[in-house]
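None of the values given here were measured: they were computed from a predicted structure.
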Amino acid sequence: MKQAELGAKNQPMEKAVEIFFLLLACVSIVAVVVICVFLFANGLPAVTEIGVADFLFGKQWRPGENKFGIFPMIVGSVYATVGAILIGVPIGVLTAVFMAKICPKKLYKFLKPAVELLAGIPSIVYGFFALVVIVPIIRNTFPGNGLSLLSACILLGIMILPTIIGVAESAIRAVPESYYEGALALGATRERSLFKVVLPAAKSGVSAGVVLGIGRAIGETMAVNMVAGNNKVIPESIFKGVRTLTTNIVMEMGYATDLHREALIANGVVLFLFILLINSIFFILKKPEGGRKKNGRKAVDA
Amino acid sequence: MEEVKFINQSTWKQKLNTYKMHPGSFLMLLLVGLSAIATMGLLLFLIAYILMKGVPHLTADLFAWEYTSEDVSMLPAIINTFFMTAISLLIAVPCGIGAAIYLAEYAKRGNTFVKVIRLMAETLSGIPSIVYGLFGMLCFVTTLGWNYSLLAGACTLSIMILPLILRTTEEALLSVPDSYREASFGLGAGKFRTILKIVLPSAVPGILAGVILAIGRIVGETAALLYTSGTVAEVADSLFASAETLALHMWVLSGESLYTNQAYATAVVLLVVVVLINGLSGMVAKKIAKQ
């Protein structure tokens with residue numbers, strides 16, 4: 001009797017708590033909406049003034065002559081990100097497999113904090129490191145002055161490693177041990193079990209890590225700015241300098257005024273749309289697996 | 001007895017034979033090992049290189065109370081970084097944990113509203129920091145008229161780290177076994193009590209891991225702060241004063257070839273701070289996990 005009374009008394013409290021958490025959950029939605037409103041309201045007027053085609057596909061960015069074409073920067077961002085993915089994803093996923101399934105416990109105690117440390121190292125330190133180590137190596141080995149697309153790709157490949165390792169490792173660990181043991185029992189080698197059974201089962205988590213990595217690569221600004229050379233033309237080779245969408249903003253925002261400033265904000269809008277596009281692709285890719293999960297065991301879902 | 005213990009473990013010779021029969025498997029093992037070595041080697045090399053180049057330039061001048069163009073002191077920047085981190089976490093952590101609790105504990109799975117929130121959080125986590133910087137500049141600095149300030153920077157950063165905390169907390173909450181909750185309900189505890197006393201404590205190490213990542217991002221952030229907190233190298237005396245963090249300080253130094261040595265020294269301090277944060281939080285997480 002007393003228990004029931006207490007339960008009834010707590011009902012409104014429980015409801016209030018739920019609504020409180022619900023409101024906190026809505027903060028994300030509000031944040032995205034507000035960011036969209038501010039960016040679009042400040043950036044779109046410039047796009048209409050310059051002309052959509054001239055802005056997106058114009059090959060010349062010369063604020064002094066009122067020429068605002070961001071095509072070289074779009075291409076630069078895409079190149080740098082693709083290069084980073086080519087370097088970072090294989091190393092990252094393989095390291096994650098090693099950490100989750102192969103390495104002995106004693107080594108893991110050392111590896112896990114090391115990867116967390118990699119994630120914690122500020123991008124400015126990575127950039128500085130690349131500037132004083134990677135750039136000279138490339139300058140001495142290949143043509144050009146070292147401030148190049150290749151430097152940016154290597155740097156970004158390194159920088160997305162901890163993101164990919166962290167997410168991929170926890171995804172691999174979330175796969176029920178019975179999958180792995182089942183494959184072993186069927187006579188598969190350890191590696192075959194890992195790469196044909198465990199890794200496919202962890203696909204959704206691993207691709208989430210890759211997407212986070214892509215986001216980091218596209219969004220990285222300061223470090224890229226230090227090593228990419230920042231030439232405002234489409235690079236002819238990977239040894240040429242390149243300017244990305246992000247570095248364009250950071251280099252010129254400090255002194256830009258009027259249309260130039262608005263064009264830079266529009267540049268930010270394009271960057272934003274890029275991210276939205278990647279996110280949508282990610283969600284489309286992720287969906288079929290979500291459907292399969294529902295029919296599967298609940299343990300997998302959690 | 002000894003032999004019984006090892007009966008289901010293959011000997012080195014057997015392993016070698018297996019790999020001989022499956023060269024593909026051996027190749028994968030090799031690649032996996034090499035990747036792990038590359039990752040670790042990179043970290044060790046980076047740290048060793050920065051320490052070797054930077055430590056000799058760590059002079060007392062660099063920690064002078066006041067910044068001048070002669071001593072290029074980083075102490076004001078260190079203090080600013082501390083404030084920036086504290087304020088950002090103060091805003092983002094309660095928000096993120098609360099939202100994660102809603103998603104993991106209250107919302108029904110497959111609910112459209114939950115899908116929208118998750119989509120928004122994913123969107124937020126993908127937004128480049130420079131875009132946050134632009135937004136912060138437009139919203140807090142210009143529209144709200146806070147100018148380049150500590151508060152504008154902290155608000156920008158707190159939105160930036162929100163999805164990170166939300167995601168890691170939600171994952172930590174989901175990894176708490178349902179049997180814990182059922183046992184708590186079975187003992188007559190309400191939903192809120194169960195979350196507060198049973199689920200949250202079990203999820204603390206996971207949540208902390210998220211907060212660690214968040215602190216790392218705040219300490220290392222430059223792009224989002226350049227046009228929100230500004231680059232005045234003095235201790236911010238109010239929420240509305242410009243506050244240059246350590247990473248920004250390093251950015252300014254590395255941009256001027258005169259101060260390369262000081263940039264190395266600042267990198268050392270940044271590294272030490274990051275190592276300390278990671279070590280401390282790791283210890284806390286371990287202690288809580290043991291209890």
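- Heavy atoms only, all atoms of each residue included: A:Glu191 and B:Ser25 are closest at CG-O, 3.2 Å.
- Of the two parts of B:Tyr49, only the side chain, counted from C-beta on, holds a non-hydrogen atom closer than 4.5 Å to a non-hydrogen atom of chain A.
- Interface remark: B:Pro177 contributes no atoms to any contact with chain A (heavy atom separation under 4.5 Å).
- Only the side chain of B:Met137 comes within contact range of chain A, with at least one heavy atom under 4.5 Å from a heavy atom of that chain.
- Heavy-atom distances place both the backbone and the side chain of B:Ile127 under 4.5 Å from chain A.
- A tilted orientation is assigned to the rings of B:Tyr148 and B:Tyr227, their planes being inclined by 30° to 60°.
- B:Leu31 touches chain A through backbone and side chain together, each having a heavy atom under 4.5 Å away.
- Taking the ring axis of A:Tyr108 as reference, the NZ or CZ atom of A:Arg173 stays within 45° of it and closer than 6.0 Å to the ring centre.
- The choice from B:Tyr19, B:Phe135, B:Phe26 that makes the most heavy-atom pairs within less than 4.5 Å of chain A is B:Phe135.
- In terms of heavy-atom pairs under 4.5 Å with chain A, the best-connected choice from B:Leu34, B:Leu42, B:Val176 is B:Leu42.
- Top candidate by heavy-atom pairs under 4.5 Å with chain A, chosen from B:Cys95, B:Ala267, B:Gly216, is B:Cys95.
- In this structure, the portion of B:Leu162 lying under 4.5 Å from any heavy atom of chain A is its side chain and not its backbone.
- Across every non-hydrogen atom of A:Asn248 and A:Leu264, the tightest pair is O-CD2, 3.7 Å.
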Problem - Verdict with supporting geometry, B:Phe113 and B:Tyr102, side-chain contact (heavy atoms from CB on, under 4.5 Å) - result: CA-CA 11 Å; B:Phe113 178 67; B:Tyr102 183 80; 4.1 Å; yes
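- Within the 4.5 angstrom heavy-atom criterion, only side-chain atoms of B:Leu166, from C-beta onward, approach chain A.
- Nearest heavy-atom pair, B:Gly210 versus B:Leu164, reported as atom, atom and distance to 0.1 Å: O-CD2, 4.0 Å.
- For chain A, the nearby parts of B:Thr260 are the backbone and the side chain; heavy atoms of each come within less than 4.5 Å.
- Residue contact with chain B, scored on non-hydrogen atoms closer than 4.5 Å, involves the side chain of A:Met226 exclusively.
- Residue A:Ile275 touches chain B through its side chain alone, counting heavy-atom pairs closer than 4.5 Å.
- The contact between B:Ile159 and chain A is made entirely by side chain atoms (from C-beta outward), counting heavy-atom distances below 4.5 Å.
- Across every non-hydrogen atom of A:Leu117 and B:Ile47, the tightest pair is CD2-CD1, 3.6 Å.
- Per-residue heavy-atom pair counts under 4.5 Å with chain B were compared for A:Gly166, A:Ala223, A:Gly215, A:Ala114, and the maximum is reached by A:Ala114.
- With respect to chain A, the highest number of heavy-atom pairs below 4.5 Å among B:Met21, B:Lys53, B:Met28 belongs to B:Met28.
- Contact of B:Leu46 with chain A is made through backbone and side chain together, with heavy-atom distances under 4.5 Å.
- If you measure heavy-atom distances from B:Leu138 to chain A, the contacts under 4.5 Å come from both the backbone and the side chain.
- In this structure, chain A has a heavy atom under 4.5 Å from the side chain of B:Thr142, while its backbone stays farther away.
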